[in-house]
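In what follows, every chain begins at residue 1, and chains take the letters A, B, ... in the order their sequences are listed.
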Number of protein chains: 2
Amino acid sequence: MTQTDTKIRLLDAAESLFSQQGFTSASLRAITTAAQANLAAANYHFGGKEALLSAVLERRLLPLNQQRSDRIDQVLAAATTAGTRPEVEALIRAFIEPTFAFRRDKNGSSEFISIIGRAMTSADPLVRDLFLALVQPLFSQLHQALCQALPQLTPQLIFTRLFFTMGAMGHCICFPGMSQIFNGNSASNPEDDIFMTNNLIRFVTAGLEAPC
Amino acid sequence: MTQTDTKIRLLDAAESLFSQQGFTSASLRAITTAAQANLAAANYHFGGKEALLSAVLERRLLPLNQQRSDRIDQVLAAATTAGTRPEVEALIRAFIEPTFAFRRDKNGSSEFISIIGRAMTSADPLVRDLFLALVQPLFSQLHQALCQALPQLTPQLIFTRLFFTMGAMGHCICFPGMSQIFNGNSASNPEDDIFMTNNLIRFVTAGLEAPC
DNA sequence: GGTCATTTAAAACGAACGTTTGAATTAAGT
DNA sequence: ACTTAATTCAAACGTTCGTTTTAAATGACC
């Protein structure tokens with residue numbers, strides 16, 4: 001049982017319990033117990049509870065943001081090659097699809113996604129600022145891309161509507177099993193998730209493209 | 001200083017601190033101190049912290065929901081009189097406008113609104129269920145009304161899109177001073193709030209009316 | 001003014017929290 | 001095998017929490 005093992009088990013346990021109970025309510029005792037580690041291990045490996053949250057966020061969010069950023073760049077590059085404006089739906093899809101795919105594919109990250117769903121509007125400025133600092137560049141990138149796609153709208157209005165988009169999406173990812181309730185299913189399955197994702201994309205695209 | 005005085009001061013202080021710090025982080029000690037009451041007063045007048053939250057929610061939410069419900073009924077009645085279908089925008093406006101007007105008008109309730117913005121997606125099932133039980137009838141009423149307004153869409157799809165609507169709106173009310181950042185203002189003012197409200201109504205109306 | 005219920009007050013309860021300590025244990029390097 | 005660094009462990013630190021208790025103060029009513 002090496003150092004890396006314990007660190008990863010701590011990150012996994014923290015991710016799961018932060019997701020289920022929130023940052024404040026999930027105690028280091030519960031996290032270290034779930035990770036089969038000693039209570040002091042969290043402070044030894046990360047330096048404190050806040051630093052543990054930071055590590056949990058960065059482990060998943062940095063790769064996810066890179067993926068979303070790359071897809072936005074691909075949409076912009078294709079539009080440039082074709083000599084057209086980027087399409088709103090393609091940009092929104094580039095942003096939203098990886099987020100929900102992340103929840104289906106990676107191990108344990110289905111619970112992570114609900115952390116960021118709540119971090120966005122957390123009452124705790126510590127949690128909120130940690131998250132916002134990590135997504136701010138991506139948010140600006142998407143905003144600028146949407147300004148290209150919607151030249152008839154002011155950047156201010158696009159900003160406002162992008163804010164609504166974040167709200168609609170954040171609401172969907174606050175609970176791991178949100179998508180299945182739309183179809184009345186009790187067990188989680190990929191089809192429900194894809195149904196919700198496509199409908200969300202259609203919804204916010206229509207909202208973003210609404211006449212001024 | 002009568003009993004009513006203390007109860008009201010406790011509700012006001014709890015509302016403010018629950019809003020700023022969340023249910024778990026806001027302690028009864030901080031609340032009773034802010035209310036200029038003894039620590040034991042919260043348990044004496046309400047029976048416990050959970051019951052205090054319940055009282056805080058009911059005090060504001062019952063009148064607000066009545067107001068929203070009445071306005072939805074008015075839209076439906078007007079459509080029936082005119083022999084037409086109710087309009088989506090009118091129904092959404094009936095639901096959203098009182099919520100934001102509530103924030104501007106009533107004393108102290110600007111902070112309350114951010115409580116319900118977060119309660120909707122709270123990780124704490126106690127907070128979440130308390131809120132959901134209070135809004136479920138109104139939610140069903142709005143859903144049924146929207147089904148009348150959008151007969152070409154399935155109730156299931158309308159439900160999904162109404163869920164997105166709740167997310168977009170909930171995101172806007174999580175912070176008292178959210179509306180002003182759209183216009184770059186530092187101080188809160190009614191115009192920013194109305195700007196956001198109207199744009200939110202336009203955004204979700206377009207999303208709800210999007211072709212299937 | 002005296003009686004009784006209501007409300008306020010100070011103090012303490014046990015439990016849970018994040019963090020720290022110092023010794024014991026394990027792994028790594030020579 | 002020995003030394004040294006890294007890791008794990010049990011225990012305790014001081015704080016804060018929601019709640020309860022018991023007495024004092026305040027109110028209403030006859």
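- For A:His45 and C:dT20, the NE2 to P distance is 16 Å, given to the nearest whole Å.
- Rounded to a whole Å, the CG atom of B:Leu28 is 20 Å from the P atom of C:dC13.
- Rounded to an integer number of Å, the gap from B:Tyr44 OH to D:dT26 P is 15 Å.
- We find that CG of A:Asp124 is positioned 13 Å from P of C:dG18, with the value rounded to whole Å.
- Atom CG in A:Leu39 sits roughly 8 Å away from atom C1' in C:dG18 (whole-Å rounding).
- Ionic pairing of A:Arg60 and A:Glu15 is present here: one or more N-O contacts between side-chain nitrogen and carboxylate oxygen are shorter than 4.0 angstrom.
- Toward the 5' end of DNA chain C, the nearer of the two residues B:Asn38 and B:Arg29, judged by each one's closest nucleotide, is B:Asn38.
- A cation-pi arrangement is absent between A:Arg118 and A:Phe23, since the terminal nitrogen or guanidinium carbon is not both under 6.0 Å from the aromatic centre and inside a 45° cone about the axis.
- One interatomic measurement links the two molecules: CZ of A:Phe46 to P of C:dT19, which rounds to 13 Å at whole-angstrom precision.
- In this structure, A:Ser27 reaches the C:dC17 phosphate: one of its side-chain N or O atoms is under 4.0 Å from OP1 or OP2.
- Centroid-to-centroid, the aromatic rings of B:Phe163 and A:His171 come within less than 6.0 Å.
- The interatomic distance linking B:Asn43 (CG) with D:dC17 (C1') rounds to 12 Å, in whole Å.
- Across the protein-nucleic acid pair, B:Leu10 atom CG and C:dT8 atom C1' stand 12 Å apart, rounded to whole Å.
- Salt-bridge check for A:Glu111 with A:Arg103: failed, with every basic side-chain N at 4.0 Å or more from each acidic carboxylate O.
- Residue contacts shown for A:Ala40 include a base, since a base heavy atom lies under 4.0 Å away.
- Contacts of A:Ala26 with the nucleic acid, taken as non-hydrogen atoms under 4.0 Å apart, involve only primed sugar atoms and P, OP1 or OP2.
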